[in-house]
Each structure stands twice: as C-alpha cells, then as structure tokens.
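First the proteins, then the strands, lettered A, B, ... as listed; each starts at 1.
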Amino acid sequence: MELERELDRELNPQQLEAVKYTEGPLIVFAGAGSGKTKVLTYRIAHLLKLGVSPFQIMAVTFTNRAATEMRERVQQLVGDGQANDVWVRTFHSMAVRILRREERYLSYDRNFLIYDSADQITVMKQCIAELRVDDRKFRPRGVLAEISSFKNELVTPKDYHGMARNVREETIADLYSLYQKKLLQHNAMDFDDLLVQTVELFRSEPLVLEHYQRRFQYIMVDEYQDTNHVQYVLVHQLAGDKRNLCVVGDDDQSIYGWRGADIRNILNFERDFPDVYVIKLEQNYRSTQCILAVANALISHNKGRKPKELWTSNDVGDPVSCYQALDEKDEARFVAAEISDLVEREEALYRDCAVFYRTHAQSRVIEEEFIRSGIPYRIYGGVRFYERKEIKDILAYLRLVANPADEVSLRRVINEPRRGIGDTTIARAEEFASSAGRSLAAVLEHPEEIPNLGNRAVNALKGFFQMINSWRKLDDAVSVAGLVERILGETGYLSALETQKTVEAETRIENLNEFLGVVQQYDSEGIGGTLVDFLEGLALVTDIDNYEPGEDAVVLMTIHGAKGMEFPMVFLTGLEEGLFPHVHSLEENEVEEERRLCYVAITRAKQKLYLSWAIRRFIYGNSEYKLPSRFFKEIPQEYLCPVVPDRFAGHGGHGDGSAVPSGGGQGDGSGVPATGSQAGHNAGHAIKESAAGEKEAAAVTAAPSQTSFQVGETVEHKKFGKGVVMETKTGPGGDMEIYVSFETAGFKHLLAKYAPIKKA
DNA sequence: AATTCTGCGTTTTTT
DNA sequence: ACGCAGAATT
C-alpha cells in the first residue's frame, strides 16, 4: 500500500516495470547512473510485500560494498527484521556459506581457510621447487594466473592433463595438480576454489542442489556483465527450472575481462532464455549533459556492444576541464590546487572530490602533494594493512591455531620470533616427511622421530607445539582478542619488538595495536564470534569495502575500485598512451576494455569532470615522454575546455602565456629531486665514515684478549689481497674484530673468526 | 646464523 | 624505483 505509492512516485516507467516483473527470466540493461541499485532494492521490497519469504530471495553482488549498500537500502524500505534474512552476498561469501553448511560432502575439513594471493604464491613456489621446474620459465604469478583461468572455465587438473599439447603445458598441468594437492593437504582453498567447489558440490550432490533451488525462489545478480564462467554456471544451477532469475548489468561497464569475466554472459542471455523479458534503463540521473555527452562519444568507439545512448534531464553543466601537465608532479599540483580552490570557493567539500588513476603506482605522487598542501585524503586499495609483515605474522599464528594443517602459516611463524628452528631443521623434517609420506606439519609435531635432529631443535619444536596446542584448547573459551594478546605475549613477539627501540619497530607495535582494536571491535559485535569466522571475514573483505562516506577527505582510488560509486567532482589522471590505455592491453583487442574502464571513470562524475595527462612521467625509474591518450581524440572537442595553468605563474615571475608555467614548473620539478638525491648520497657516505671513525675511537680503549692478530701485522685475504692490521677490538659476541688496510681493496672492517684471512 | 649487499625482473586492474 | 632472491659479509 504505502510501498505501492512510493513505487509510482520514485520510479520511472522502465524501472517500475523491472521491479514488478517478478516471474520468469528478466534482463535489465542498466546504463551508468540509471538507478540500478534502486531497482534491485525496490524489487526485493516489492517481493517481500507480495508475501515472498525473505529466505527465498537471493541477491548476488561482486563487492561487499555493493552487498552492504543493498542490504541497508532494503532495510530502510522494509525494516530490519525481514531485510536481514534476505541473502544479499558476494559470490564468494555466498559460496563459503554454502560450503561451510555442506561440509560433510567436501574433502576439506570444516575449518578450511581461504588463501589469499600471497599464500597462493608461497604454495606455488614450493610446487615449482618440488617438481624441479625451471623457475625462470615458470614464475609463480604467471602459473597461478593460468591456473586461475582454468578454474574459471571449470577445467580440472585432470582435464588439463588431457588437453596439454606440449611440454610447457604438461608442466603447467603437473603444477596445477600438485598445487591442488597441497591446498587440500593444507586444508585451504583459494578464491577460485570457493566457486569451483560449490559448482562441483551441486554437480555431484543433486539433492543438495535441489534444496537450494527450492529455497531460493527469486535470484538477482548485480553486475552480470562481470560474471565469469563458474559464476555463470553457479547462477544457472541455482535458478534451475524455475528460472526466476533477474540479472542486471551493462555491457559497457564490463571491466574484469582479465579476471575471466565473459561479456558474452550478458550479451547471450537472450539466447540462454529465449523467453527473457528485456528492459533497458537509459535515463541517467547522475551526471550533467556535458559529462554524459563525453561518455557517450567515447564508448561509441567500441564495436560489438548493445547500441544504446544515455540521456538525462539534468543541467548542461560545465564543460569537461582538461589539463596538460609537464610531469606527474605538475599533474598532482594541478589536482591539489583545483581541489583547494573548489573547497575555498565553497563549491565542494573535500569528500565530494575523487581522484582516479589506472594503476596504484600513480597514487604516491598525488598523496605527497596532498600532504604538502594540507588536503585531507584517503587512499583505498594499494598496500593493504593486512599485508604488513607483523599483521601477517599474527594472522599466521591465528590461522595455525584454527587449522593445524596450514603449512604456509606454520612455516611463516615457526621461527618468528627466533626460537632456534632454522632452515636446516625444516629441511631435515621435509626430507623425513616426504620419505615417510606424511605432511610436514604432522612430522614436526613429533620431532623426536625425525632423524639427525639435535636435542636443541627437538626441544625447540616441542616447546613451539606445546604453545600452539595450549592456544587451540583455549580457542572457544577465550575471545579472539584474548587469543591475540596471549600470542603476542607468550611468543615474545611484542617484547622482541619493544627491545628494538627503532622507529620501524614502533610502527609495527602501533600496527599490532590497531589490529588488536579491530579484533576487539569484532569480539564486541558478538556475531558468530569464532576464530574461523573472524579469519574468513578478513579474507573476503578489501580496503575498498571500508569506504566511509562520512569522512571529509578526498578519495583516491583506481578506476576498478571506483565502480559503482559516484562523486560530484571527479579527477581522472594519467590519460596517456601506454598508461591508459595500458601497454599490456595495446596488442589484442583489449583496448575496448580500457575504453570501457575510461567510460566507467567518466560516468562516476555528477557535476564536474577533470581529465589530465602528463607530457613526461617518471616510470620504472626513468623519465619517459608520453603522448596523450587516444581517448582524448575520441571525445568531441566542443565539450572540452583546456585549463591554462596560470596559477603556477607566480613561481617563475615571467609574464605571459604557456612558456611561463613551463619554466616555473620545470624549475620546481627538476631542481628539487636533483639536489635532494645528491644530498642524500653525500649524507649517506658521511654517516658511514663517521660511524667507522667512532668505532676506531672505541677500539683504542678495548684491549684485545685472545688475539691471533696484532696491530701492524701483515695479513693476506682471500679476496682483498695483502693488507696491514690497523686496529683490533673485541666485538659484542666476544669475537675479535680487526680493521685492515689493504693495498688494493682499501680499508675494511672484518671479523677474524669468519673472514678468509691468514698471516702473511 | 643473521644481516647486508647486489643484481634482477617487474606492475594493470581484485574477489 | 622497488622488492625479492641469492650471495657476500659480519
């Protein structure tokens, strides 16, 4: 009743149709900013109003952010009680949920962990080493990328063994098999496995599939253009014969081809379901006419797309500003100055502004400039908090507690902090494990059985596992935060950092405290609460999911990260040939995907769009000259407005036109780093010399006790040749240190015990 | 055994 | 420029 009125008021005819067409297959081609999320949320609300149980509705998204947003908006429409029971999840979290629930059918243990890409690389490196494969030809990242595409296509190791056509492919097949074997042994799945295992579960257990098919009467898929083959199969399995499947997407926004997304999934939907009902949403509610005209013009250069053209009843708006920067620093200065102006003139808040770039590497220069100009900002993506060493260490401990088979974590922490379990010990255990046909983890738990192991190593191992096992017993009794505190204390990890007293160690302690805060937060929320749940949450969440719209800060992110968002002011940077479109995409017909990426970036802007490129850019350590992106040429010039960089004229003091800022900019750009780096070098040498000097001074007072070398003695070094001992002293370990002046090699500081020297 | 040094390949995008 | 792996150094 109330909802009905709201539907009529809030939705345009096409949107309304999409909301009300609930039975049978439906595809909604939803252009950028056409109210796609609105349709999905109202559709869910409408289904609930019709009396459909919330348990019977599933909405699948690609990001947690999209899932959260959708869930919240449904909540606003219908109230908490019902909204919470609707399955609004990402593909991966949906898969995990099903797998955990149906663990009895899996060959994995119920506490299986999710391996992230760093873990995957660790495992793959082991596989490569174990098969004695040439690690120049087969690099972990590359092999994993291939394996990932097999998984996306549901090609098993066995399948691929049959398909391999040459030695290289056979090797890949072997690596694939071994990799899967190891993951199973470690009781871990990678991201792709989550989906593959679910599909396989449904294939081998028709009754289980039937259960989910019966349960989920209405299925909606967001961003359908980004589904890959596994996801496609999964969706079709779930939809079953009932076919109450509604997919929403936009072929022009398909930007995950590199991850196996198959644009044909959306283009061929009408073939898969001949009776499909098709709705197109072409009215844009987000952007100005200018921005939209630019976007339309650009995307029209792609072939093989569904013809469509967005329109809007919004204002014409300002033309799109273009800036030709001298280099990446100049570009950053332009962005910073423009944002400062906007905020000063009260045309925008910081949080209204977003800066997009093609690659993460571009963010640093912009960040530096923002710091200099005092602009609050927040970078999403990039080096994540959870990728720092200390965080990975504590996580590895937690993972090992949750999952004894997790060899990747075991190796990581077994000697961290140092407890006398070195490479030799591990190597011996490995040897024994493979000869006995047992896993490394299993063998290490009973060190007395390992041949050739010294008492010290045996005791160290026993101590280590006693510690781990004591935490395992605590697992359910104590909160995750309690566990973290115990681990940090009992391992001596924290005290080891505390004694270091370096700035770096301080930062690590701070990071660990921050992590503890995250854990305490999790504990206090009291949902689920188990260690496994906690670890799973971390594995499936990314930085970009933590976007806080309330914070007044400029947002910096890659264009991929920006998908699904909108900002009043958008700065799209680095529009250069080779960067955007990226070199890696120039060969094949991947330029179209780059163009779609550019289209996505442009259509994030509501009010004002800025495009910039740099004539010269520092890349891979040297300065390269760049050409403007081809995308500029694909936009009609009448919508563009070049920005004359007069704001920098003050630096140079010349009076006119374009020569001035170039002079001023170059002076700034090249002068600072040149003197800076030179000073850095000199300072480096100076510090080394003075340090040596201090040691010399100290050496005078320290009397050499059990000396085998004396000051003034002539010695011969294996590599440095003849020299004269200038000073001797006793080092911290009681070993003799000597300072020798060699004839050819110069002055050296050596440790008598190790250095290959003898009296001449 | 652990730390520092050196040479090499490398970066597109992420659940 | 940077991070990593293996070598050199302490």
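Residue A:Phe191 places its side chain closer to B:dT15 than to any other of B:dT13, C:dA1, B:dT15. Taking every side-chain heavy atom of A:Arg364 into account, C:dA1 is the closest of B:dT14, C:dA1, B:dT13.
By the salt bridge (Lys or Arg N to Asp or Glu O under 4.0 Å) test, A:Arg412 pairs with A:Asp393, sequence neighbours left out. With sequence neighbours left out, the salt bridge (Lys or Arg N to Asp or Glu O under 4.0 Å) criterion links A:Glu369 to A:Arg372. Listed by chain and residue number, nothing satisfies the ring pair (Phe, Tyr, Trp, His ring centres under 6.0 Å) test with A:Phe464 (two or more places apart in sequence, or in another chain). Under the salt bridge (Lys or Arg N to Asp or Glu O under 4.0 Å) criterion, A:Asp250 pairs with A:Lys308, sequence neighbours left out. Every residue two or more places apart in sequence or in another chain that forms a salt bridge (Lys or Arg N to Asp or Glu O under 4.0 Å) with A:Glu430 is listed here: A:Arg411.
Regarding A:Glu368, its CD atom lies at a distance of 12 Å from the P atom of C:dA1, rounded to whole Å. B:dT14 atom P lies 14 Å from atom NE2 of A:His92, rounded to whole Å. The distance from atom CD1 of A:Ile619 to atom P of C:dC2 is 14 Å, rounded to the nearest whole Å. Whole-Å rounding puts the A:Glu594 CD to B:dT13 C1' distance at 8 Å. In this structure, CZ of A:Phe356 is placed 14 Å from C1' of B:dT13, rounded to the nearest angstrom. Atom-to-atom, CG of A:Asp193 to C1' of B:dT15 comes out at 13 Å; the value is rounded to the nearest Å. Counting to the nearest Å, the P atom of B:dA2 and the CZ atom of A:Arg419 are 13 Å from each other. Atom P of nucleotide B:dT13 and atom CD1 of A:Ile379 are separated by 14 Å, given to the nearest angstrom.
Nucleic acid contact class of A:Arg596 (heavy atoms, under 4.0 Å, all strands): none. As judged by a 4.0 angstrom heavy-atom cut-off over every strand, A:Lys125 is placed among residues touching the sugar-phosphate backbone only. At the heavy-atom level, A:Phe62 lies under 4.0 Å from the strands shown only through sugar-phosphate atoms. Contacts of A:Phe580 with the nucleic acid, taken as non-hydrogen atoms under 4.0 Å apart, are absent. Here A:Ser623 lies out of heavy-atom contact (under 4.0 Å) with every strand.
Of the side-chain N and O atoms in A:Thr558, one or more sit less than 4.0 angstrom from OP1 or OP2 of B:dT14. Here A:His560 does not reach the OP1 or OP2 of B:dT15: none of its side-chain N or O atoms lies under 4.0 Å away.
Using a cut-off of 4.0 Å between Lys/Arg side-chain N and Asp/Glu carboxylate O, A:Glu593 and A:Arg596 are scored as salt-bridged. The pair A:Arg168-A:Glu146 counts as a salt bridge, with a side-chain nitrogen and a carboxylate oxygen less than 4.0 angstrom apart.
Around NZ of A:Lys389, the count of heavy atoms belonging to other residues, nucleotides or ligands within 6.0 Å exceeds 12.
Toward the 5' end of DNA chain B, the nearer of the two residues A:Trp258 and A:Thr424, judged by each one's closest nucleotide, is A:Thr424.
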Between the protein and nucleotides 7-10 of chain B, which nitrogen or oxygen pairs come in under 3.5 angstrom?
| unit_1 | atom_1 | unit_2 | atom_2 | d |
| --- | --- | --- | --- | --- |
| B:dT10 | OP1 | A:Arg139 | NE | 2.8 |
| B:dT10 | OP1 | A:Arg139 | NH1 | 3.3 |
| B:dT10 | OP1 | A:Arg139 | NH2 | 2.3 |

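For the pair A:Tyr256 and B:dT13, the ring geometry does not qualify as stacking, because the centroid separation below 5.5 Å and plane angle under 30° are not jointly satisfied.
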